[in-house]
Amino acid sequence: MSYTFQEIEKKWQANWKAQGTYRVKEDSNKKKYYILDMFPYPSGAGLHVGHPLGYIASDIYARYKKHQGFNVLHPMGYDSFGLPAEQYAIQTGQHPAITTEKNIARYREQLDKIGFCYDWEREVRTSSPEYYHWTQWIFTTIYNAWFNLETQKTEHIDTLIQHFETNGNYNVQPACDEKWHQALLELKDNNNQPLYFFSADWDGDFTATDWQSMNEDQRYHLLMAFRLTYLADSMVNWCPALGTVLANDEIKDGVSERGGHPVVQKKMRQWSMRISAFAERLLLGLEQIDWPENIKEIQRNWIGKSEGATAFFDLDQHAGQIEIFTTRPDTIFGVSYLTLAPEHPLVSSITTAEQRDAVEQYVQQAALKNERDRQVQSKEMTGVFTGAYAIHPLTNKQVPIYIGDYVLAGYGTGAVMAVPAGDQRDWDFAKHHNIPMVLIFENHDASESACTSKEVPLVNSDFLNGLCGKTAFNSAVEALEKIEHGNKKINYRLRDAVFSRQRYWGEPFPVYFKDGKAHMIDQQELPVTLPDVDKYLPTDDGEPPLARSQWKYKNEFVMEYNTMPGWAGSSWYFLRYMDPNNSKTIASPEAMNYWGQVDLYMGGAEHATGHLLYSRFWTMILHDLGHVPFGEPFQKMINQGMILGRSSLVYRIKDTNTFVSADLRKEYQTQRLYADISMVDNDQLDTDAFKNWLPEYKDAEFILNEKGQYLCGFEVEKMSKSKFNVQTPDELIEKFGADTLRCYEMFLGPVEQSKPWDTKGINGVHNFLRRLNRLFQTDEGQWMVTQEAADKKSLQTLHRTIKKVTDDLNRHSWNTVVSTLMIAVNEWTEQKCHQQEVLESLVILLSPYAPHLAEELWNKLGHNDSVTIAQWPEAIASYLEDDVFSYPVSFNGKTRFNIDLDANMDAKSVEVAVMSHEKTAHYLEGKAPKKVIVVPKRIINIVC
RNA sequence: GCCCUGGUGGUGGAAUCGGUAGACACGCAGGACUUAAAAUCCUGUGACCAUUGCGGUCGUGCGGGUUCAAGUCCCGCCCGGGGUACCA
């Protein structure tokens with residue numbers, strides 16, 4: 001029979017469903033393999049051909065592992081909370097749950113057509129109460145946890161309370177904000193009196209007695225400073241257009257990643273996650289996981305570890321000090337001035353009367369600039385002198401204090417020591433403001449630029465003279481430590497993550513407020529489900545949409561009206577797949593112990609600083625607390641590239657309705673317009689279809705090329721409706737079948753690579769499957785498979801193919817497997833091979849790529865069970881190599897001819913054979929060979 | 001600027017350990033079958049020179065180097081893609 005893919009695919013998809021072929025259960029007798037795709041947000045647009053690329057690759061790998069006897073967990077679900085459904089709800093009033101449900105149905109329909117081996121009984125949806133029950137549970141668990149910096153481990157908050165009870169906060173290092181104690185001092189009680197009994201210069205130490213004498217309010221706020229998720233007034237990125245705050249990773253180039261709206265800084269009371277505590281753990285963990293180097297690098301940069309020192313500069317004529325952070329304490333003798341961020345708290349108190357106007361004006365200007373404006377700034381270093389001076393800790397000389405917006409309040413201490421000779425920005429600033437420089441590097445006059453090398457010996461630097469690098473660094477820090485004006489310090493760029501969103505369609509917080517304090521709802525009472533609201537917009541007084549519900553806990557206490565961010569549900573979903581219906585816990589310890597880490601995670605690189613960081617963070621917490629048996633969620637990861645669209649362009653001659661073929665367009669003044677890619681085949685436009693496409697083209701005329709064709713131009717760009725370049729998998733499956741689509745998407749090239757979608761080659765892959773089918777049966781339906789023993793040639797083809805396919809899959813080279821199978825089918829076709837002995841193995845090799853056709857052929861070969869569980873064939877070594885090897889013979893590295901020799905011949909005999917060959921003399925041209933190199937079974941090179 | 005990637009025919013790509021560069025496929029050209037089309041099959045296809053047959057020269061972004069041998073290793077550049085930044 002000819003290859004009736006539509007019939008075959010429908011039949012086997014139904015059969016798999018009926019038989020539960022892809023259901024998977026824990027089985028301690030089998031080794032496990034957990035392979036995971038990043039679950040999609042079910043958008044209204046459905047899937048285009050780019051989406052399933054990673055899914056197909058992982059599906060193939062999952063099937064391959066199953067053939068090898070592994071118990072394979074390969075689940076799929078939906079990240080179903082999110083903005084688009086909510087925005088649709090705002091426009092139409094339709095509940096986001098309905099929109100989401102509809103979109104999921106469409107996704108499922110499309111996914112099913114591709115023939116994936118997902119166990120759909122394990123499906124998870126982050127928006128279902130059964131799922132977010134456990135997202136809420138994790139939130140309360142994190143609330144009741146603190147991070148012990150000494151042991152680098154998460155502990156239950158009770159161990160910290162116990163410590164406070166017995167020792168106050170002596171000998172304990174909980175992760176917290178550096179200025180936590182200052183923030184507490186600002187708190188007021190009901191009578192507007194300071195909440196705490198500590199004096200204004202309290203350094204944060206407290207005793208057991210202090211703790212014991214604290215009331216409930218005092219203890220609440222104190223503990224809040226150490227919890228891993230905490231409520232605090234913090235500067236957040238507020239996006240007015242979206243009406244919500246955004247985390248740092250949700251902002252790109254100073255505007256919101258979604259929609260590109262402006263973002264401003266605003267102080268708001270928000271839940272945050274203390275991810276900064278895990279900076280070092282997150283950094284170290286990268287060493288143990290097999291991820292693409294670029295993703296690791298992105299995470300390292302995001303964490304932004306820098307080793308340096310803090311130094312304290314006493315103020316001249318003022319009490320107090322300015323603390324600065326520097327990575328170059330060795331250059332401290334080159335300090336010409338200090339610069340504070342305009343927002344630095346000391347600015348107003350130290351500014352002198354003469355400078356006050358100028359400083360206040362500058363601070364105001366800086367405040368008006370948003371993040372983006374500050375970044376786009378020209379290289380010009382703006383700033384103003386405060387009139388105040390500090391005292392250099394080592395020279396005791398006066399150092400002027402400036403403010404400048406190139407210093408950021410949010411990094412380090414918001415203050416820098418400026419060394420124009422050693423830092424280019426300081427140099428620029430000094431030039432601009434005519435501040436004298438101190439030359440501290442040997443043979444460097446700083447007339448052109450700063451000297452940023454660490455390996456230049458220091459001069460004018462007292463005890464550091466002649467030193468450089470690490471030695472100078474350490475000596476400088478030692479000197480500062482001796483006079484108690486500084487110490488070594490490691491600084492991280494990573495900030496805590498804001499966890500509140502002013503949105504409707506997200507997980508509600510299991511939190512209510514009583515007497516102004518947040519309380520977790522008891523874990524036994526979860527889930528707290530989303531209430532209904534009349535509109536999905538903020539209230540008139542600016543409260544989040546949930547406030548419209550007038551929602552109260554026990555009809556009495558105000559609920560938290562924010563919802564959780566998109567990354568909450570996706571930070572732990574890989575755990576839920578292991579035991580998706582458990583109503584007692586996130587997943588049973590048995591299931592988690594069995595399935596363990598995700599062995600292979602497949603997905604896009606765009607989640608490097610979001611999902612992939614947050615998932616690691618939550619897994620670490622849950623691991624430390626004993627809820628999860630591993631500390632890193634994803635052992636290996638592969639990032640699939642993006643599939644871009646290939647738009648087709650037509651060229652209309654200016655002010656006419658005449659279109660000119662792309663190869664002739666240079667002769668005219670033309671305008672580029674898009675043509676729908678469905679009307680274009682191999683860059684040739686179907687002109688009739690084009691005329692019927694849009695009314696404005698009804699009377700279009702065409703100037704054809706000499707072959708009578710209208711050729712289109714093309715452009716590679718993102719797939720989008722407006723460019724008419726979207727290719728859906730559905731159309732291709734209709735035309736060629738899912739098996740062809742699967743093979744073709746792999747055949748396109750390495751999965752990691754981004755590439756344009758081009759349907760040109762799909763015919764070749766489709767023909768390959770037809771040719772393969774013809775090894776089994778003629779197009780007329782005659783079954784050709786025989787039981788005769790196969791000849792050596794066919795078996796050699798078979799075993800070489802098994803070897804290559806297996807090797808390629810093991811090194812995740814999905815694309816070359818298709819070529820290998822093509823070569824094999826071409827060889828067998830030539831050999832007229834129809835032996836069951838050979839073809840049976842072929843069907844198994846094919847089955848990960850083209851499961852429908854494989855299942856059909858397997859069935860016809862007389863098997864009643866599914867091919868998906870057939871054992872992967874093994875390559876027999878004796879068939880892998882020929883008795884003769886065709887040696888390429890090269891002279892001075894240039895290959896001249898081949899010579900067939902016994903493959904097992906030793907190097908010496910090979911040399912003898914070659915030297916006696918008639919052609920050798922010809923190429924030697926009478927010269928004597930200087931050297932003959934023989935690499936057995938590879939090459940012969942004669943040097944002459 | 002810094003970091004990470006990548007650069008191979010007309011096109012997508014292959015070459016896994018330094019060992020015959022261009023597998024496989026698309027496209028193109030020619031041919032067979034056919035009333036015709038589709039499908040199928042055969043031949044050719046890196047460039048240039050030579051062509052009656054042999055053959056020869058060049059060639060993996062550019063310039064050097066190491067080696068019997070370099071797409072692959074080393075040094076210095078150029079270009080594309082991604083990330084990131086007044087980060088002190």
Side-chain angles (χ1 to χ4, degrees), chain A residues 2 252-253 292-302 304-306 308 324-328 331 339 341 374-382 404-408 410-419 422-426 428-429 452 491-493 605-606 608-609 639 641-642 682-683 744 747-750 752-765 767-768 770-771 774 779 804 807-808 810-811 813 815-823 826 829 886-898 929-935 937-944:
Chain A
S2 63
K252 294 270 136 79
D253 303 325
E293 194 46 45
N294 63 323
I295 300 278
K296 288 192 185 187
E297 203 56 33
I298 291 169
Q299 290 206 346
R300 281 189 201 112
N301 289 339
W302 190 257
K305 180 178 186 172
S306 63
I324 60 95
F325 174 74
T326 178
T327 54
R328 297 291 304 276
T331 64
T339 313
R374 260 191 176 186
Q375 283 173 22
V376 172
Q377 275 284 306
S378 64
K379 288 272 169 281
E380 192 155 289
M381 292 289 161
T382 66
D405 67 2
Y406 78 97
V407 177
L408 304 176
Y411 182 79
T413 60
V416 300
M417 63 175 211
V419 182
D423 182 283
Q424 194 53 47
R425 281 160 316 177
D426 296 343
D428 291 342
F429 191 89
T452 52
N491 209 20
Y492 298 93
R493 203 186 74 107
E606 66 273 19
T609 53
N639 297 123
M642 202 172 26
N682 196 17
D683 285 343
Y744 184 58
F747 187 66
L748 271 180
E752 299 93 330
Q753 230 166 71
S754 285
K755 55 223 151 195
W757 177 260
D758 194 334
T759 318
K760 260 193 213 159
I762 199 165
N763 255 314
V765 175
N767 285 343
F768 150 67
R770 299 168 67 125
R771 276 163 74 90
R774 246 179 265 130
D779 285 351
K804 179 92 164 78
D807 287 353
D808 284 358
N810 286 342
R811 65 186 175 104
S813 175
N815 55 327
T816 51
V817 171
V818 182
S819 316
T820 304
L821 290 174
M822 284 175 171
I823 294 168
N826 290 347
T829 302
S886 180
Y887 276 93
V889 182
S890 52
F891 292 79
N892 296 326
K894 279 181 192 163
T895 311
R896 295 300 181 179
F897 61 92
N898 279 50
K930 291 190 188 122
K931 204 170 176 186
V932 178
I933 287 141
V934 175
V935 185
K937 287 181 210 169
R938 275 205 195 279
I939 199 166
I940 299 161
N941 190 18
I942 298 169
V943 189
C944 54

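Here is the naming used below: chain letters follow the sequence lines, and residue numbers restart at 1 for every chain.
Residue Q753(A) places no side-chain N or O under 4.0 Å from the OP1 or OP2 atom of G6(B). Note on Y887(A): every side-chain N or O is 4.0 Å or more away from OP1 and OP2 of U20(B). Listed pair N815(A) / A14(B) meets the phosphate criterion, a side-chain N or O lying under 4.0 Å from OP1 or OP2. Phosphate contact (OP1/OP2 of G56(B), side-chain N/O of R896(A), threshold under 4.0 Å): present. Of the side-chain N and O atoms in R300(A), none sit less than 4.0 angstrom from OP1 or OP2 of G83(B). Dashed line: the shortest gap from a side-chain N or O of N301(A) to OP1 or OP2 of C87(B) is not under 4.0 Å. Phosphate proximity of A88(B) to R493(A): absent, as no side-chain N or O sits under 4.0 Å from OP1 or OP2.
If you check distances only, the side chain of K755(A) never reaches the base of U11(B) with a donor-acceptor pair under 3.5 Å. The base of C68(B) lies close enough to the side chain of N941(A) for a donor and an acceptor atom to sit less than 3.5 Å apart.
In this structure, F897(A) and F891(A) have tilted ring planes: the angle between them lies in the 30° to 60° band. Classified by interplanar angle (parallel below 30°, tilted 30° to 60°, perpendicular above 60°), the ring pair F325(A)/Y411(A) is perpendicular.
In this model, no donor atom of one side chain and acceptor atom of the other lie less than 3.5 Å apart for N301(A) and R493(A).
At a threshold of 4.0 angstrom between heavy atoms, the contacts of K894(A) are confined to the sugar-phosphate backbone, with no base atom among them. N491(A) comes within 4.0 angstrom of nothing in the nucleic acid, heavy atoms only. Within 4.0 Å of F768(A), counting heavy atoms only, lies no atom of the nucleic acid at all. Contacts of D426(A) with the nucleic acid, taken as non-hydrogen atoms under 4.0 Å apart, are absent. No engagement by P292(A) is indicated, since no non-hydrogen atom pair under 4.0 Å with the nucleic acid exists. Nucleic acid contact for V943(A): sugar-phosphate only, since backbone atoms but no base atoms lie under 4.0 Å from a heavy atom of the residue. Using a 4.0 Å heavy-atom cutoff across all strands shown, I933(A) reaches at least one base atom of the nucleic acid.
In a base pair of the Watson-Crick type (N1 to N3 plus N6-O4 or O6-N4) or a G-U wobble (N1-O2 and O6-N3), with each distance short of 3.5 Å, A47(B) is matched with U57(B).
Comparing T326(A) and I942(A) against RNA chain B, the residue whose closest nucleotide sits nearer the 5' end is I942(A).
The K760(A) side chain lies nearest to C26(B) when the options are C24(B), A88(B), C26(B). Considering only side-chain atoms of F325(A), the nucleotide from A15(B), A88(B), U57(B) that sits closest is A88(B).
Summarising the geometry of T339(A) relative to A418(A), their closest heavy-atom pair is OG1-CB, 4.4 Å, with the distance given to 0.1 Å.
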